[in-house]
Amino acid sequence: MKTHSRSRAVRTPGGLSVRLDPRALTVVVLLLVAACAAGIALIGTGDAKIPAADVLRTLAGNGTAYQDFIVNELRLPRVLVGLLVGASLGLGGALFQSISRNPLGSPDVLGLSQGSTAGALTVIVLLSGSASQVTVGALAGGLATGAAVYLLAWKQGVHGYRMVLVGIGVNAVMTAVNGYLLTKADLVDAARAVVWMTGSLNGRDWEQVWPLLALCAVLVPLVLVNARGLRMMEMGDDISHALGVRVQWVRLLLMVSAVLLTAAATAAAGPVSFVALTAPQLARRLTRSPGPNLVPSLCMGAALLVAADWASQRAFGADQLPVGVVTGVLGGAYLLWLLVTERRAGRI
């Protein structure tokens with residue numbers, strides 16, 4: 001049987017070789033177009049409806065003062081937070097699924113989202129902290145939870161299903177901690193915390209955009225630079241080591257990056273569920289390409305979250321649902337389908 005690869009190697013002027021898959025590149029471009037189109041539609045959605053042409057004209061600096069205020073001050077930050085949160089969750093989910101070699105290895109299942117939530121709730125409930133302090137608390141909670149999962153799952157390496165099982169246990173513990181924190185809160189802080197825990201983009205402004213954008217600007221290139229080592233690690237630690245990959249260092253670096261991306265996304269929009277689980281799987285099915293599919297997963301996460309936010313505002317009449325409710329319903333159905341598929345394949 002003859003086999004052939006659809007990918008092509010492209011050499012850069014610096015001597016680096018980059019392998020491109022035409023189908024994966026096409027998927028990435030289409031997902032970017034879909035994310036931008038959904039973002040423009042979302043900016044034009046609301047009590048003051050603005051046509052897409054006027055949205056584009058305003059973004060280019062040619063709108064009226066009224067349109068400029070609505071688009072650039074009120075709605076654009078929300079859309080940018082949605083794109084960045086979705087991209088962060090999609091990339092973080094792809095990293096965890098690749099490192100664990102398990103389609104269930106996402107921050108939702110491993111307890112990282114709940115850990116970040118616990119850190120944020122501690123700041124909200126016990127310290128009555130500001131938005132920036134909540135961000136720091138979420139990052140600290142995510143890092144602590146990620147370290148706990150990694151250490152508890154370690155036994156001469158990190159096995160995929162062991163990590164998932166440990167993560168499920170840690171997730172249950174952190175869920176209980178979050179429930180306890182809510183019982184200790186006064187009424188005002190509890191109401192604030194419950195709204196945040198739902199996962200929502202309501203009220204997001206430039207204060208949430210800049211920290212998340214800065215973190216993505218640092219972590220995304222760092223992750224992509226190590227993508228080759230991550231792809232080799234999917235063949236096993238021994239083979240990867242023989243090919244010159246510093247397995248433990250690359251794994252630790254990418255896990256820390258994935259935890260930070262997840263925690264920052266949780267701090268910005270609350271624990272938006274299942275995007276990190278579904279985005280890498282959907283991207284892989286579209287590209288039909290082996291490997292971690294990091295860039296397609298990033299683009300898929302951004303498109304999914306902005307589309308879900310548009311649906312949360314438009315698909316239920318006068319009732320506007322938090323985006324976390326929409327992603328939770330769709331992602332929960334996908335998780336059930338994935339579990340059934342894995343069971344039929346004999347992998348669980």
Side-chain angles (χ1 to χ4, degrees), residues 6-8 10 18-46 49-63 67 70-72 74-95 201 204 209 212-213 216-217 219-221 223-224 227 261 265 268-269 272 274-315 323 326-327 330-331 334:
R6 294 171 290 123
S7 60
R8 294 183 298 175
V10 177
V18 180
R19 191 166 295 276
L20 297 178
D21 185 334
R23 181 184 178 93
L25 184 60
T26 301
V27 169
V28 166
V29 172
L30 292 177
L31 287 174
L32 287 175
V33 171
C36 292
I40 291 171
L42 187 57
I43 290 175
T45 297
K49 294 181 174 58
I50 301 177
D54 290 340
V55 171
L56 291 173
R57 187 162 46 249
T58 303
L59 291 174
N62 298 318
Q67 291 173 337
I70 295 294
V71 171
N72 293 321
L74 296 183
R75 296 178 182 174
L76 180 60
R78 175 188 179 123
V79 171
L80 291 178
V81 170
L83 290 170
L84 290 169
V85 167
S88 299
L89 292 176
L91 182 57
L95 287 171
L201 297 176
R204 297 307 182 262
V209 172
L212 189 54
L213 180 60
C216 288
L219 292 180
V220 172
V223 167
L224 296 181
L261 287 167
V272 180
F274 289 113
V275 173
L277 174 69
T278 57
Q281 297 297 313
L282 294 175
R284 182 173 288 110
R285 281 166 171 75
L286 288 177
T287 62
R288 299 178 187 173
S289 175
N293 284 279
L294 297 180
V295 176
S297 299
L298 181 152
C299 298
M300 176 62 78
L304 275 179
L305 190 55
V306 176
D309 192 38
W310 180 87
S312 71
Q313 295 188 51
R314 303 293 297 171
V323 67
V326 177
T327 61
L330 298 178
Y334 179 82

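Pairing each heavy atom of P280 with each of S297, the nearest pair is CA-OG, 3.3 Å. The shortest non-hydrogen separation linking V209 to P77 is CG2-O, 3.6 Å. When all heavy atoms of C216 and P221 are compared, the closest pair comes out as O-CD, 3.7 Å. The minimum heavy-atom distance linking A265 with S88 is given by the pair CB-CB, 4.1 Å. Considering every non-hydrogen atom in both G82 and V306, the closest pair reads C-CG2, 4.0 Å. Contact detail for S312 and V326: the closest heavy-atom pair is CB-CG2, 3.7 Å.
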- How far apart are the C-alpha atoms of L304 and T327, what are their side-chain angles, what is the distance that settles it, and do they pass the side chain to side chain contact (heavy atoms under 4.5 Å, CB included) test? CA-CA 9 Å; L304 275 179; T327 61; over 6 Å; no

- Message: One pair to check against side chain to side chain contact (heavy atoms under 4.5 Å, CB included): T45 and W310. What are the steps and the verdict?
- Response: CA-CA 8 Å; T45 297; W310 180 87; 3.5 Å; yes

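Across V81, V79, V85, a single residue satisfies side chain to side chain contact (heavy atoms under 4.5 Å, CB included) together with L83, and that is V79.
Under the side-chain contact (heavy atoms from CB on, under 4.5 Å) criterion, V71 pairs with I43, I50, T58, L59, sequence neighbours left out. Residues that satisfy the side-chain hydrogen bond (donor to acceptor under 3.5 Å, both in side chains) test with N72, not counting sequence neighbours, are D68. Under the rule for a side-chain contact (heavy atoms from CB on, under 4.5 Å), the partners of L298 that lie at least two apart in sequence or sit in another chain are A87, L91, V220.
Interatomic distance, CG of N293 versus CZ of R288, reported as 13.0 Å (0.5 Å rounding). To the nearest 0.5 Å, atom CG of residue L56 and atom CG of residue N62 are 11.0 Å apart. To the nearest 0.5 Å, the span separating CG on L277 from CG on L282 amounts to 9.0 Å.
Applying the salt bridge (Lys or Arg N to Asp or Glu O under 4.0 Å) test to every pair with at least one member in residues 25-42, sequence neighbours left out, gives no pairs at all. The list of salt bridge (Lys or Arg N to Asp or Glu O under 4.0 Å) pairs with a residue in residues 25-36, not counting sequence neighbours, is empty. Applying the side chain to side chain donor-acceptor pair (under 3.5 Å) definition to pairs two or more places apart or across chains, those involving residues 75-87 are R78-N202, R78-D309.
R204 places a side-chain N or O within 3.5 Å of a backbone atom of A268 that can act as its donor or acceptor partner.
Residues M300 and L286 form a side-chain contact, since some pair of their non-hydrogen atoms from C-beta on lies under 4.5 Å apart.
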All N/O donor-acceptor pairs, side-chain side in residues 27-41, below 3.5 Å, sequence neighbours left out:
none

